[in-house]
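Notes follow the structure.
The basis for the numbers below is simple: all heavy atoms, side chains too, and nothing from hydrogens, waters or symmetry mates. Treat the numbers as computed from the prediction; the structure is a model and nothing was measured.
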Amino acid sequence: MFFTSLCLLLLAGNGQMVQMDPSKSGFVGSQVELRCIFSNSNPPVKISQVTWQKLLNGTKQNVAIANPALGVSVLPPFKERVSFKQAAVRHRTPSLEDTTIVFSNLQLSDEAAYICEYTTFPAGNRENMVNLTVYARPMTRMTLTRPTIVAKPQKSKMTVATCVSANGKPPSVIKWDTRLKGEATHQETRNQNGTVTVWSNYMVTPSRETHRQKLTCIVTYRNEKITDSVVLNVQYEPEVKIEGFDGNWHLNRQNVQLTCRADANPPVTIYQWKLLNGSLPSNVEIKNNTLFFKGSVTYDLAGTYVCDATNGIGTRTGSVEVNITALTHSLPSVFSYPEFPNNPTPGGRGIPQDYVFGNGYSRAGGLPAHPPIPKNLQYPDDSDDEKKPAQIGGPGGFEASERDFDAEAEDLKRPYFTVDEGESRDYDERTLAFQYDPETEIADDMISQTDGSVISKKEWYV
Ligand SMILES: *[C@@H]1O[C@H](CO)[C@@H](O)[C@H](O)[C@H]1NC(C)=O
Ligand SMILES: *[C@@H]1O[C@H](CO)[C@@H](O)[C@H](O)[C@H]1NC(C)=O
Ligand SMILES: *[C@@H]1O[C@H](CO)[C@@H](O)[C@H](O)[C@H]1NC(C)=O
Ligand SMILES: *[C@@H]1O[C@H](CO)[C@@H](O)[C@H](O)[C@H]1NC(C)=O
Ligand SMILES: *[C@@H]1O[C@H](CO)[C@@H](O)[C@H](O)[C@H]1NC(C)=O
Ligand SMILES: *[C@@H]1O[C@H](CO)[C@@H](O)[C@H](O)[C@H]1NC(C)=O
């Protein structure tokens, strides 16, 4: 700009020029200097008057005038906020070489081009222009839609957090950073004063897996990054498993026990034990979530033990089938049991066709602590040796479940498997689908296990 003007002026054979910055910017409320320097020639020309003008939409408006004979004049509405920087300009016989003005308390409406025009004799008019841009810093904030979110069996996504960057100029850009598998929506509205409000909603399907996940909103405004994070608090029904049966409850073994373990938010308040088709043995003692069988193991202990765990969100069930053996060295019977569907289809096989084991959402919301155990619930015939661990994966090999069996030798002895917190990393994608979205990914003839693995129905029903 400078050199262009210089060249043009030199080519025109004149020694005078008006030096200005090509552009200037400032935030609303701040102060900015608009430079205007007249470089005179030798011999100097006479400056008759200097006029500052605002140029907007092709319309010129006078801002300030400096005249060597009459003094200076700042016009409304700029009177309060515009002044000449050099005290010399304001003298009775001013020097008008530097007519830089100071703009204070900038307003969005000040954004425009400003012309500084020198009227001289005998050289005529010389002028230059500066573009003034006014920025408005946005108000940025992130909010959780609700302090706690309840995981519902329906699979719809819901907005869990909103990030807003309001009345910014130029507009902000909002991004999200999280391990959650969600979606963001973006919207913006333009205000009349030229500022823009942008906001973004983050939506996820609330589930056990989304609990305690961190969600970060990253707002970029010009070169600045503003980040804000929240940790989700998702409430969900208990995820139940029964521990303690190792497949080797032989006669005369002493003091065996079963423990009902539940992952739940809020924590489980009620554990209910029962023995399917019977009453609990007389030597049993219940403490919290554990069944203690006092004394020696007898055949009376055999049966399917059921634990209902209830929290504020609902009740879910775990079960284990206990076999009593005479020998101490019998092979462990490894077998995964489904949880009991709370709403079995009447008649039929007792297991609804589309019911996916391990996904037993009993009901939405807090409900009675004793879900009915279906009378007609059938168990797969346990008599052959189909349920050895290596076969649970079934033909076609579900490597994940086989690997789990290998990895946890201890689990080989346990008849019942569920997802442990520590394992959940490996299940991230699968558990989401299995736990809360049973329709997807699982072929019709497959049954998901409570451990997140899948076995074929054929094996269940042989
Ligand atoms: C100043 O703004 C005008 C229009 O508002 C534009 O034509 C011109 O290119 C701008 N000049 C600079 C240096 O940005
Ligand atoms: C400038 O012109 C545009 C349309 O060309 C109009 O929308 C806007 O209001 C005008 N601004 C002012 C300050 O007159
Ligand atoms: C611009 O307009 C919006 C909406 O009317 C208002 O909230 C905001 O304060 C304004 N910004 C400035 C800098 O005047
Ligand atoms: C449990 O009782 C129901 C009827 O009350 C019966 O149909 C079912 O076969 C019984 N199950 C076992 C394992 O005895
Ligand atoms: C029962 O549970 C509570 C809370 O988890 C614990 O403080 C208490 O020690 C438990 N009692 C027994 C007998 O395990
Ligand atoms: C386990 O018990 C069932 C009946 O409850 C029986 O049919 C089966 O043979 C038993 N399995 C073993 C390994 O003892």
Side-chain angles (χ1 to χ4, degrees), residues 1-9 12 16-38 47-67 70-86 89 96 98-120 123-139 165-173 187-199 220-224:
M1 196 70 178
F2 178 92
F3 287 107
T4 313
S5 312
L6 182 63
C7 290
L8 286 171
L9 291 166
Q16 311 84 30
M17 57 183 220
V18 178
Q19 291 177 20
M20 292 178 83
D21 298 310
S23 62
K24 271 287 200 179
S25 62
F27 281 94
V28 167
S30 74
Q31 178 175 303
V32 72
E33 267 183 34
L34 303 183
R35 209 165 64 90
C36 185
I37 313 277
F38 186 79
I47 299 168
S48 315
Q49 183 158 296
V50 181
T51 309
W52 273 95
Q53 289 179 307
K54 180 181 182 178
L55 173 63
L56 187 63
N57 272 0
T59 308
K60 283 181 184 171
Q61 180 185 11
N62 284 343
V63 175
I65 296 162
N67 184 291
L70 304 169
V72 300
S73 155
V74 181
L75 296 135
F78 303 99
K79 216 170 168 54
E80 309 298 321
R81 299 187 295 120
V82 171
S83 62
F84 285 95
K85 189 186 179 192
Q86 297 301 326
V89 180
L96 297 181
D98 181 351
T99 52
T100 296
I101 54 171
V102 178
F103 232 119
S104 59
N105 188 20
L106 273 186
Q107 311 291 306
L108 285 166
S109 56
D110 293 334
E111 181 164 304
Y114 289 86
I115 296 164
C116 179
E117 182 192 67
Y118 275 77
T119 308
T120 69
N125 288 357
R126 297 284 180 274
E127 66 173 46
N128 208 337
M129 192 169 81
V130 60
N131 283 352
L132 174 62
T133 305
V134 181
Y135 299 128
R137 195 176 295 282
M139 287 285 295
S165 185
N167 307 326
K169 183 173 171 289
S172 308
V173 174
Q187 269 179 293
E188 65 175 57
T189 51
R190 224 156 257 281
N191 297 317
Q192 269 194 324
N193 58 18
T195 60
V196 178
T197 296
V198 294
W199 69 85
T220 308
Y221 174 69
R222 302 181 69 227
N223 299 324
E224 296 169 38

Salt bridge (charged side-chain N to carboxylate O under 4.0 Å, His left out) with E117: which residues, sequence neighbours excluded? none
Distance col, row F78:CZ vs W52:CH2, nearest 0.5 angstrom, shows 12.0 Å
List in chain and number order the residues that pass salt bridge (charged side-chain N to carboxylate O under 4.0 Å, His left out) with R35, two or more places apart in sequence or in another chain; answer none if no residue qualifies. D21
Measure from the side-chain N and O atoms of T100 to the backbone N and O of C36, and report whether any donor-acceptor pair falls under 3.5 Å. yes
For A112 and L56, which heavy atoms make the closest approach, and how far apart are they? CB-CD1, 4.2 Å
If the condition is ring-ring contact (aromatic ring centres under 6.0 Å, His included), which residues does Y221 pass it with, not counting sequence neighbours? none
Which heavy atom of K169 sits nearest to which heavy atom of V134, and what is that distance? NZ-O, 2.6 Å
Nearest-0.5 Å distance that lies between atom CG in N131 and atom CG in L34: 10.5 Å
Go through the structure and list residues passing side chain to side chain contact (heavy atoms under 4.5 Å, CB included) with N193, not counting sequence neighbours. L108, N191, T195
Sequence neighbours excluded, the answer for side-chain hydrogen bond (donor to acceptor under 3.5 Å, both in side chains) partners of Q107 is N105
Sequence neighbours excluded, which residues qualify as side-chain hydrogen bond (donor to acceptor under 3.5 Å, both in side chains) partners of Q187? W199
Which residues satisfy the salt bridge (charged side-chain N to carboxylate O under 4.0 Å, His left out) test with E33, sequence neighbours excluded? K85
Could you list the residues that satisfy ring-ring contact (aromatic ring centres under 6.0 Å, His included) with F38, not counting sequence neighbours? Y118
Atom CE in M139, atom OG1 in T197: separation rounded to 0.5 Å? 11.0 Å
Search all heavy atoms of V18 against all heavy atoms of C116 and return the closest pair with its distance. CG1-O, 4.0 Å
Exercise: identify the closest heavy-atom pair between S25 and V32: O-CG2, 3.8 Å
List the residues meeting salt bridge (charged side-chain N to carboxylate O under 4.0 Å, His left out) with E80, not counting sequence neighbours, and say none if there are none. none
So, using side chain to side chain contact (heavy atoms under 4.5 Å, CB included) as the criterion, who are the partners of K79 when residues are at least two apart? none
CE of M129 to CD of E127, rounded to nearest 0.5 Å, is 8.5 Å
Output all residues satisfying side chain to side chain contact (heavy atoms under 4.5 Å, CB included) with Q53, sequence neighbours left out; order by chain, then residue number. T51, K60, N62, I115
Applying the side chain to side chain donor-acceptor pair (under 3.5 Å) criterion to Q49, which one of T119, N125, N67 satisfies it? N67
Is there a side-chain contact between L106 and L132 (heavy atoms, below 4.5 Å)? yes
Ignoring hydrogens, what is the shortest heavy-atom contact between S104 and Q31? Give both atom names and the distance. CB-OE1, 3.9 Å
Output all residues satisfying side-chain hydrogen bond (donor to acceptor under 3.5 Å, both in side chains) with S172, sequence neighbours left out; order by chain, then residue number. S165
Might you confirm whether atom CZ of R222 has over 12 heavy atoms from other residues, nucleotides or ligands at distances under 6.0 Å? yes
Would you say V82 and L75 make side-chain contact, with heavy atoms under 4.5 Å? no
